Novice: 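Pasting a structure below so you can have a look.
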Amino acid sequence: MDLVPDTIVESLGTAGVGRGSLLAVAASPGVGFAVAGDGAAFARVADDDAMAFCLTAIERDLAPRWVVWNGAESRALLDLGVRLGACWNLAAVHRLTVGGWKADPPRIWAHHRGLDPSTVPDTGRDDHTVDLFTAADRATGDLDDPVRPDGHLRSDWGGRLWDATPTRLAAWAAVALEIAQAQTIERAGVADRPKAALIARSESTVELLCNEMAANGLPMDSVVAESIVGSLAGPRPAGEAEADEIRRSRDAVVLAHAPVGADFDLRSPGQVKSLLRRVGIEVPDTRAWRLEPLVGRHPIVKPLLEWRKAERMSTTFGYAWLDEHLGDDGRLRGSWTSCDGAAGRMTASAGMHNMPAEMRPAVIADDGYVFVRADLGQVEPRVLAAVSGDPKLAKASTVDDLYAEVAETLGVEREIAKVAVLGAMYGQTTGRGAQALAELRKAYPVSMDFLDEADRRARGGHDLMTYGGRRLRMDNRTDFDLPEQAARSRTAARGRYGRNAVIQGAAAELFKMWAVTVRSRAEDLGADVVLCLHDELLVHAPMPVGQEVATLVDAALDETVRRWAPDGSVRFLADTALIGRWSDAKD
DNA sequence: TGCGGCTATTG
DNA sequence: CACAATAGCCGCAG
């Protein structure tokens with residue numbers, strides 16, 4: 001068969017495939033690929049280079065919204081060198097609208113066809129790939145048909161052990177297209193989740209961004225990183241014996257203050273507690289914030305706290321961490337997920353979301369590049385104003401410092417107002433913030449009622465829906481046979497979870513839409529989003545276009561807000577700066 | 001060997 | 001020490 005990209009692009013274009021229209025793709029390295037759009041479908045045998053060339057031509061000339069089953073499929077395309085612009089990710093949309101984490105193809109299919117979820121063939125895993133054969137699959141039916149005689153999708157299709165052929169790839173793409181079309185039509189018109197179609201697109205495209213951040217990595221200078229670790233955890237040990245010796249000598253500094261002959265394992269919280277009791281300090285636990293005020297009580301406390309710091313640096317963020325995650329090319333790499341199991345925030349491994357501030361000076365832009373760092377200001381109360389439709393809180397959002405405005409309305413100090421607002425969103429019931437809660441309730445009844453309603457529903461075990469249409473399942477949070485006291489506390493915890501999840505989840509949706517908008521607008525300038533941190537974006541940009549990227553980051557936020565909260569009543573703002581290293585203040 | 005608890009870091 | 005996350009080590013059950 002011919003594999004002339006121009007011909008293929010032309011035939012797809014003639015069939016109506018264009019910017020934003022759904023085009024399912026199934027590709028198998030070494031075999032070939034298939035695409036399926038509305039009224040256009042074909043499959044080709046192709047080597048990897050030809051496949052990448054052809055798909056890239058389709059992307060360049062037609063810019064469709066590529067339908068894939070999951071992030072692993074789009075990652076495989078990226079690894080072939082195909083950078084997709086927009087995406088419809090069946091697993092991401094399934095997680096959004098159905099809830100829960102499991103989103104393997106047979107499960108998505110079963111939901112699409114209204115099959116009993118309890119009869120879905122078990123793939124043996126619940127994540128991105130399906131690569132296990134099941135006995136039932138092998139024993140029955142036509143191996144070229146993705147659908148089993150019982151109506152379920154074959155769980156051995158599409159995985160790594162799958163015997164791909166152009167015919168099967170075409171069938172796989174056709175099934176994906178069918179589901180995507182159903183998801184689009186179904187979600188676009190549902191009145192109780194008007195944002196779902198919009199959010200489904202950005203949540204899908206975030207999967208592409210996750211692929212790219214995982215592949216590209218975060219620029220990090222290994223010399224600087226090593227020197228920071230060295231200053232906090234000591235020089236790099238030559239071997240296991242030397243590492244042991246360093247550990248022992250580090251322990252000895254603390255144990256020198258212990259009673260003579262006492263032998264305690266500092267890595268065991270229980271033994272640390274016993275050690276402290278021996279020197280006359282009784283504490284319910286040994287957390288740093290609790291020991292901090294007791295430094296004057298006994299000379300062992302200060303070295304113990306310092307030991308904790310150094311121990312953490314040498315375990316979690318030490319040489320082993322650098323060796324495992326920092327590549328020779330000066331890139332820190334980890335895995336990224338577009339939505340976590342709770343409210344839908346992004347998560348990252350390799351310490352990119354909890355890197356100690358001391359390590360951040362090692363995150364340095366390449367020569368000739370600059371970072372554009374931008375973070376949303378006071379995003380949670382602004383999100384609360386938008387999703388609850390509270391006109392008074394929306395009014396407060398029009399000033400730069402929302403908390404100061406709330407403080408003035410309540411007639412309290414700014415700090416009190418801040419902890420009160422945050423406390424309302426977290427479900428805090430004690431402390432200074434709680435005292436201001438009654439005033440907050442009087443001043444902003446719409447917002448507070450909204451939070452109370454989420455709390456109440458969650459306590460009752462009812463699912464929640466975020467502003468963007470993400471279903472938050474509460475059925476996995478039921479508890480049985482707990483003592484009354486524990487049950488009450490668990491119910492209260494569920495309420496706090498629900499109260500916060502509708503805010504945190506909606507903020508995540510806004511942030512992710514911003515992130516993919518920046519990704520899209522910055523591409524032509526050669527700039528990449530290299531880090532997403534809940535309300536903060538780090539973009540790696542060529543120096544000459546740094547200012548241009550900074551401007552487009554701000555413009556992307558305005559554009560995102562116009563689509564996400566079109567009535568314009570709530571103001572969102574970003575603090576955007578050009579910096580050379582992550583730790584730099586704005587300049 | 002798997003898992004809950006404790007601890008520390010981040011937003 | 002609220003809400004969320006990742007991650008390492010210890011202690012304990014199986």
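The chains referred to below are lettered A, B, ... by the order of the sequence lines, with proteins before strands, and numbering in each begins at 1. Keep in mind it's a predicted model, so treat the numbers as computed, not measured.
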Novice: Does any N or O in the side chain of Arg470(A) come within less than 3.5 Å of the main-chain N or O of Met465(A), such that one atom is a donor and the other an acceptor?
Specialist: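 No.
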Novice: With sequence neighbours excluded, tell me which residues meet side-chain hydrogen bond (donor to acceptor under 3.5 Å, both in side chains) with Glu380(A).
Specialist: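 side-chain hydrogen bond (donor to acceptor under 3.5 Å, both in side chains) check on Glu380(A) returns nothing, list empty.
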Novice: Give a yes or no answer on whether the side chain of Lys512(A) reaches the backbone of Gly344(A) with a donor-acceptor pair at less than 3.5 Å.
Specialist: yes
Novice: Please report the distance, rounded to the nearest Å, between CG in Asn354(A) and C1' in dA5(C).
Specialist: 8 Å
Novice: Check the distance between dA7(C)'s P and Leu332(A)'s CG and give it to me in whole angstrom.
Specialist: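 The distance from CG of Leu332(A) to P of dA7(C) comes to 11 Å, rounded to the nearest Å.
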Novice: Does a side-chain N or O from Arg308(A) land closer than 4.0 Å to OP1 or OP2 of dC6(B), or not?
Specialist: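 Arg308(A) to dC6(B) OP1/OP2: no side-chain N or O under 4.0 Å.
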Novice: Quick one, give me the B/S/- string for nucleotides 9-14 of chain C, reading 5' to 3', where B means a protein heavy atom under 4.0 Å from the base and S means that only happens at the primed atoms, P, OP1 or OP2.
Specialist: SSS---
Novice: Check for me whether the distance between the ring centres of His540(A) and Phe371(A) falls short of 6.0 Å.
Specialist: yes
Novice: Hey, does the side chain of Lys273(A) come within less than 4.0 Å of dC6(B)'s phosphate (OP1/OP2), counting only N and O?
Specialist: no
Novice: Got a list of protein N/O to nucleotides 1-3 of chain C N/O distances below 3.5 Å?
Specialist:
{"from": "dA2(C)", "atom 1": "O3'", "to": "Arg496(A)", "atom 2": "NE", "distance (Å)": "3.1"}
{"from": "dA2(C)", "atom 1": "N1", "to": "Gln428(A)", "atom 2": "OE1", "distance (Å)": "2.4"}
{"from": "dA2(C)", "atom 1": "N1", "to": "Gln428(A)", "atom 2": "NE2", "distance (Å)": "2.9"}
{"from": "dA2(C)", "atom 1": "N3", "to": "Gln428(A)", "atom 2": "OE1", "distance (Å)": "3.2"}
{"from": "dA2(C)", "atom 1": "N3", "to": "Gln428(A)", "atom 2": "NE2", "distance (Å)": "3.3"}
{"from": "dC3(C)", "atom 1": "OP1", "to": "Arg496(A)", "atom 2": "NE", "distance (Å)": "2.2"}
{"from": "dC3(C)", "atom 1": "OP1", "to": "Arg496(A)", "atom 2": "NH2", "distance (Å)": "3.0"}

Novice: Mind checking what makes side-chain hydrogen bond (donor to acceptor under 3.5 Å, both in side chains) contact with Asp535(A), not counting sequence neighbours?
Specialist: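 Residues passing side-chain hydrogen bond (donor to acceptor under 3.5 Å, both in side chains) with Asp535(A): none at all.
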Novice: Could you state the atom-to-atom distance from CG of Leu472(A) to P of dA4(C) in whole Å?
Specialist: 11 Å
Novice: Any side-chain N or O of Thr286(A) less than 4.0 Å from the OP1 or OP2 oxygen of dT7(B)?
Specialist: yes
Novice: Nearest whole Å is fine: how far is dT6(C) P from Trp321(A) CH2?
Specialist: 17 Å
Novice: Map Arg312(A) and His534(A) onto DNA chain C by nearest heavy atom, then report which one ends up closer to the 5' terminus.
Specialist: His534(A)
Novice: Using a 4.0 Å heavy-atom cut-off across all strands, classify Asp375(A) as base, sugar-phosphate, or nothing.
Specialist: nothing
Novice: What's the closest nucleotide to the Arg287(A) side chain, out of dG8(C), dG11(B), dA8(B)?
Specialist: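 The answer is dA8(B).
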Novice: How many whole angstroms separate atom CZ of Phe317(A) from atom P of dA7(C)?
Specialist: 9 Å
Novice: Just how far, in rounded Å, is P of dT9(B) from NE2 of His325(A)?
Specialist: 19 Å
Novice: Rounded to whole Å, please give me the gap between CH2 in Trp582(A) and C1' in dG11(B).
Specialist: 10 Å
Novice: Please list, chain by chain and in numerical order, all residues satisfying side chain to side chain contact (heavy atoms under 4.5 Å, CB included) with Ser583(A), sequence neighbours excluded.
Specialist: Arg360(A), Pro361(A), Arg581(A)
Novice: Taking side-chain hydrogen bond (donor to acceptor under 3.5 Å, both in side chains) as the definition, give me every residue that meets it alongside Arg382(A), ordered by chain and number, with sequence neighbours left out.
Specialist: Gln378(A)
Novice: Can you confirm if the aromatic rings of Trp514(A) and Phe572(A) lie within a centre distance of less than 6.0 Å?
Specialist: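 No, too far apart.
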Novice: Starting at CG of Asp340(A) and ending at C1' of dG11(B), how long is that distance when rounded to a whole Å?
Specialist: 12 Å
Novice: Does a donor on one side chain sit under 3.5 Å from an acceptor on the other, for Ser338(A) and Glu207(A)?
Specialist: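 Side chains of Ser338(A) and Glu207(A): pair found under 3.5 Å.
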Novice: So Ala501(A), base contact, sugar-phosphate only, or nothing? Heavy-atom distance under 4.0 Å.
Specialist: nothing
Novice: Are Arg250(A) and Trp307(A) in a cation-pi contact, defined as NZ or CZ under 6.0 Å from the six-membered ring centre and within 45° of the axis?
Specialist: no
